[in-house]
Structure formats: structure tokens, C-alpha cells
Amino acid sequence: MPELPEVETTRRGIAPHIGGRTVTRVVVREPRLRWPVPRRLSAEMTGQDIDAVGRRGKYLLLATDAGTAILHLGMSGSLRMVAAATPAGKHDHVDIVLDNRKALRLCDPRRFGALLWTRRPPEQHRLLRDLGPEPLGSDFNGAYLHALSRGRKVAIKHFIMNSHNVVGIGNIYANEALYMAGIHPGRAAGRVSKRKYDLLVEVIREVLNDAIALGGTTLRDFVNSDGKPGYFRLELNVYGKGGHPCISCRTPIREIRQGQRASFYCPECQH
DNA sequence: CGAGCAACCTGCATGC
DNA sequence: TGCATGCAGGTTGCTC
């Protein structure tokens, strides 16, 4: 599912439709997600104006004066704007109904997503409290990653996918960024040079920004708030391309497992 | 600290 | 056609 570009695509898609509107009702059809949708969500949100649609890592934040809805799309979640009267499908968990007869509809077949509510500043919530910097922000840079990784034996791919170190980089973009930077995904994080970290940060920004510009990556079921897929899949160099020739040197892309996740890399270009 | 795995779920592709 | 298997964009939390 969604990594940062898909979540940001979703945020940009829904913000103009829900920002400034008033919630008239919240319909929870199926509260079972990663954690149950809180019973009090409807009472807390109804009547509130949505002041802002923010994002922290892969979490979407719907801010109101009374509190903030914290929304995560998990592996298979998507948000769409629908006419409030549109019949719900099988995996449509929640509708946040607005004062213009439209609704923000959360669909999540695999139920790895979440919809929570907090009255406190969301950055204090336990899910957000310990998150690392935003990859597109200025406090994410080569010096930061280099300093953080000294002495660490963990594989660089795990290191950049760990949200304590930096948020928003999932399996697709981790593979792509390491390919672009010429770093082997299994290399120990503590054995990557400052120069390579500078380059890695640069290509992470590039790949995320390019993916956002194309509406994210649709492998199977990601759709934006209009129900349309993202087109960054066409730009992928290594992810899902085991056996295909490297676009740079023609060596077949190798597929390995790191943990339980697939990694793809060029054995000639990445060290 | 780090490696590994189990958990939370459904859907789809593949192979027999 | 049916059934079993394995895999998928994420994250938490446990054990060793």
C-alpha cells in the first residue's frame, strides 16, 4: 500500500474537498481496523469544522478545534470523495459525511489501516511521538543519517525503512532510492560513507517528489481520492523487476529477501 | 542493539 | 473448477 507519495497524493486530493467543511455525521460500518475505530469518534467529530488536512509520515491528520483524527492507510487503504448517498462497498469501513452531501469514504480490504482520535496535539500521540524527520524536510540530510548510523550493523534498507530514523519510506521507494544511489540494500548502515549518505538523501527526495508528481505508485489497488491509479509504476527501475536487465549496465536485477520483504538490486551497480 | 518472527487481514496469482 | 500455497505497498511488539 501507500508509502509517502501515495499518502501525500491522497492528502492533496481530499484537502480541497474537506478543508473548511463541517462534519455532519460519521458512519462507522466496520470498526475493525488495526485498532478498533473509537466509539466516541462520531460524537467527537460531528459538528466540527475541518481546519486542516495534514500529514506526518504516512499518517493523515484531520484537524478540528475539538481534536484530530489520525488516519493510516495500512497496506490496502484508500480514501475517496463520494456523494454521501453512494452505496457502500464490501470494505468501506467509514464515511465522514460533510455539510455538502459529500463524504470522505475509507476503504481498507486488509484492515491494516487505522482511524483514531486524539484531543491532544497529535504530535504527542504515541504513534507519532517517536517518528523521525520528514524525508522532504530540511532536517533530513546526509549528516543526520551519517551520524545516526555510526556503529550500526543493521542493513541500510532496514535503516531507511525504520520510521524512527526517517518516515515515509516503504519497500518500493527504499529499493528505488538505493538503486539510484548505488548502495547495496544489505550493506551495514554504519559502513555507508558521508558522501553516499548525501547522495542517498538527494535521491530519496528525488524519487519521492517524482512519485508525488505522478500521483504515486499503483501496484494493485491504490487509488487516489478520485478513484484513479498512480503512474509512478512506469518509472520503477528495480522494484518488481527481478531478472530484468539493469537499465544502466544490462546485468539482470537480482531479487533477495531481507526479513520477510523482497529486495531488488543490481549486483553490478550497487555496492 | 539486532535478528527474527508473529500478529493484524483479504485478494490475487500460481501450481497441482 | 477447486484447493492449497505464497505473496503483497505497513507497523507493532515480542522473544532470543
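Only this structure's heavy atoms are used, side chains among them; waters, hydrogens and symmetry mates stay out. Every chain is numbered from 1, with letters handed out A, B, ... down the list of sequences.
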Presence of donor-acceptor pair under 3.5 Å, side chain of R261(A) and base of dA8(C): no
Rounded distance (Å) that lies between atom P of dC1(B) and atom CZ of F159(A): 11 Å
Length of the CZ-C1' vector between R150(A) and dC1(B), whole Å: 16 Å
H164(A) backbone acceptor or donor facing N162(A) side chain under 3.5 Å: yes
Between P of dT12(C) and CD1 of I70(A), the distance in whole Å: 12 Å
Among dT12(C), dG10(C), dA8(C), the nucleotide that comes nearest once only the side chain of E3(A) is considered: dG10(C)
Proximity to the side chain of S163(A) - top-ranked nucleotide from dG10(C), dG11(B), dT12(C): dT12(C)
Contact nearer the 5' end of DNA chain B, comparing P109(A) with H158(A): H158(A)
Under-4.0 Å salt bridge between R80(A) and D92(A): no
Touch class at under 4.0 angstrom, heavy-atom based, for A262(A) against every strand present: sugar-phosphate
Between C1' of dC8(B) and CD of Q260(A), the distance in whole Å: 14 Å
Span that lies between the P atom of dC5(B) and that of dG6(C), in whole angstrom: 15 Å
5′-ward residue of the pair K153(A)/R111(A) relative to DNA chain B: K153(A)
Sidechain N-carboxylate O distance under 4.0 Å for R55(A), E134(A): yes
From dG11(B), dT11(C), dG2(B), nucleotide with atom closest to R220(A) side chain: dG11(B)
Parallel, tilted or perpendicular: ring planes of Y239(A) versus F264(A), cut at 30 and 60 degrees: perpendicular
Closest to the R152(A) side chain, choosing from dC1(B), dT12(C), dG10(C): dC1(B)
Nearest-Å distance for atom pair CD/C1', residues Q258(A) and dG4(B): 14 Å
dG11(B) phosphate, OP1 or OP2, under 4.0 Å from K90(A) side-chain N/O: yes
Sugar-phosphate only, base, or nothing, as touched by F232(A) at under 4.0 Å among non-hydrogen atoms: nothing
Distance in Å, N100(A) CG paired with R21(A) CZ, rounded so as to fall on 0.5 Å steps: 4.0 Å
dG10(C) OP1/OP2 closer than 4.0 Å to side-chain N/O of H72(A): no
Distance, rounded to the nearest Å, where E30(A) contributes CD and dT10(B) contributes C1': 12 Å
For atom NE2 of H164(A) and atom P of dC1(B), their distance in whole Å: 11 Å
Pair assignment for dC9(B), Watson-Crick or G-U wobble, requiring both distances under 3.5 Å: none
Distance in angstrom units between L73(A) CG and dT10(B) P, rounded: 18 Å
Parallel, tilted or perpendicular: rings of H184(A) and Y265(A) (30°, 60°): tilted
Strand partner of dT1(C), provided both Watson-Crick or wobble distances fall under 3.5 Å: none
Gap in Å between the two C1' atoms, one belonging to dC3(C) and one to dC8(B), rounded: 25 Å
Touch class at under 4.0 angstrom, heavy-atom based, for R257(A) against every strand present: sugar-phosphate
dC8(B) base stacked by F112(A) (centroids within less than 5.5 Å, tilt under 30°): yes
